[in-house]
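Given the structure is predicted, the values throughout are model-derived calculations rather than measurements.
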Amino acid sequence: MKRHELIVIGAGPAGLSAAIEAKKSGMDVIVFDENSRPGGQLFKQIHKFFGSKEHHAKERGFKIGESLLAEAEELGVKVELNATVMGIYENKEVTVKMNGEVDHFKADKIIIATGAAENMIPFKGWNIPGVIGAGAAQAMMNLQGVKPGSKILMVGSGNVGLVVSFQLLQAGCEVAAVIDAAPRVGGYGVHAAKVARTGVPFYLSHTVIEAKGTDHVSGAVIAEVDSHFQPIPGTEKELDVDTICIAVGLSPMSQLASNAKCDMALIPQKGGNVALLSEYGETNIKGIYCAGDVAGIEEASSAMIQGRSVASHVCYSLGYITEEEFNTKYDSYQEALGKLRMGMFAPANKGRNDFTVTDEGYPISKNLLAKGYMTEEELENFPAYNYKKAGVHPIIECTQNIPCNPCQDACPKKCIKVGENITMLPQIDEEQGCIGCGLCVASCSGQAIFLMDETSDPDGVLISFPYEFLPLPEVGDKGTALSRSGAPVCEAVITDVKKTKVMDKTAVVTMRVPHEFKNSARFYKPV
């Protein structure tokens, strides 16, 4: 039997972060992961993270994964891949299947960081090839470079469904629709808005009732649902798709905690069956901890901080750091977590649908929740949209209390303010002048900032917007300007394309449109 001071189960964001924290203190650490590569979900994630600098805001998930792996390798963290932990037994003994054999390990401490699994919903034909999970679609696109299909139906409007829908578009797929049985969009409004302005329709209070086809998906039948989420006869419609992508939530992979006889509870706000934990992440079995999604479904940013926080308590309990050092670390990690857990999308608010105003008192857009985009009349309620200074100026269409503030850090003139509470809506300081650099546009993780210049071009208004599709348009190209709903509004001419290293693959494209369309034109479709 091999012995280690700390065994970490799972080499995802939480597990790697925990291992790094423990190794920095000099602890003997080994990490087991059943997959062939470490990093968990991070390497599927090509979008920019929310939060602030300490949460890796505006960094792309795979870049964060690369940094974690590099740090772990530099520290000498031992990571065993293709290693399936079969069980945790008394006295913290662990059995691991590797290379066709079962090995026994014993640890002083164990951190379970096994993450979460995708939920699935049953419907007629759900087992036909072409019905896949959103995570599988991400793996195909972003790891293997394979398009999951040509025409996709996305089932689920949470952040996963919205993010993956956008990535499907980036991969060259057509997203026929985003549907959800709930009566409102479940994820961030800014994620929904960037999908909607490409022309993807949203069908809320709808579910999929059948996948057409025999050996592959050849269509999907959706129907409206009533208040009890039951299909309403006569509302069926068939969509021409070859792939149905399911994004209906995640469930913690807590089987090992249960196997170890940890006290468990079904907690819907945490995503399902989870171990009951102390404030330090320890289960009732002394020396066994949980961190990341296995402790409760949150964002990867939270998982990384949780991993480090839990590991700091392990280090303290084994005498690697002093009580004072632990308290300093723990307080810092909890403060960082606290910032991510504020606002209407906080874990404590999961399942709530009674928000009608923002923290500042602005009315929440009903159209955004029902259709994925805001109306101009609704945006008029927000001062960061209404700001109309002569010359180039930002237009901010971020209207929900999301934990995010990279726009504040990106602006060299400091004309965008969020404040210490990162869930507050961005405001514009009228005393500061915008220089039109576009850094706020490129840094916004939700792609919700635009620049407008009504005076520089005698032939129309210049609107700058974020663009993450290939090929990039070129100066002089003519195409169609699209509205927030993705509807064509007018002809557009490309006048500028900015792409610098600091923008990290988000180009800032500028189009000229007639003055009468300045408040409606928000995206561009090439000819």
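- Side chains of Asn273 and Gln255: a donor-acceptor N/O pair is absent below 3.5 angstrom, by distance only.
- Closest approach of Lys109 and Ser317 over heavy atoms only: CE-OG, 3.2 Å.
- Taking the six-membered ring for Trp and the full ring otherwise, Tyr330 and Tyr316 have centroids separated by 6.0 Å or more.
- In this structure, the side chain of Gln306 engages the main chain of Gly292 through a donor-acceptor pair within 3.5 Å.
- Closest heavy-atom contact between Leu204 and Ser157: CD1-OG, 4.2 Å.
- When each of Met304, Lys63, Glu73 is tested with Leu68 by the rule side-chain contact (heavy atoms from CB on, under 4.5 Å), just one qualifies, namely Met304.
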Could you tabulate the donor-acceptor pairs under 3.5 Å formed by side-chain atoms of residues 29-46, not counting sequence neighbours?
{"from": "Asp33", "atom 1": "OD1", "to": "Asn35", "atom 2": "N", "distance (Å)": "2.8"}
{"from": "Asp33", "atom 1": "OD1", "to": "Asn35", "atom 2": "ND2", "distance (Å)": "2.9"}
{"from": "Asp33", "atom 1": "OD2", "to": "Ala11", "atom 2": "N", "distance (Å)": "2.7"}
{"from": "Gln41", "atom 1": "OE1", "to": "Lys44", "atom 2": "NZ", "distance (Å)": "3.1"}
{"from": "Lys44", "atom 1": "NZ", "to": "Gly135", "atom 2": "O", "distance (Å)": "3.4"}

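- For Glu71 and Arg308, the salt-bridge test passes: some basic side-chain N is under 4.0 Å from an acidic carboxylate O.
- Residue Ile246 comes nearest to Phe123 through the heavy atom pair CD1-CE2, 4.0 Å, listed as atom of the first residue, atom of the second, then distance.
- Between Lys58 and Asp504, none of the side-chain N atoms (NZ, or NE/NH1/NH2) sits under 4.0 Å from a carboxylate O, so this pair counts as no salt bridge.
- The ring of Phe345 has its center no closer than 6.0 angstrom to the ring center of Phe50.
- For the pairing with Cys173, the side-chain contact (heavy atoms from CB on, under 4.5 Å) check across Ser150, Ser165, Pro148 returns one residue only, Pro148.
- The pair Glu468-Arg60 meets the salt-bridge criterion, since a charged nitrogen lies less than 4.0 angstrom from a carboxylate oxygen.
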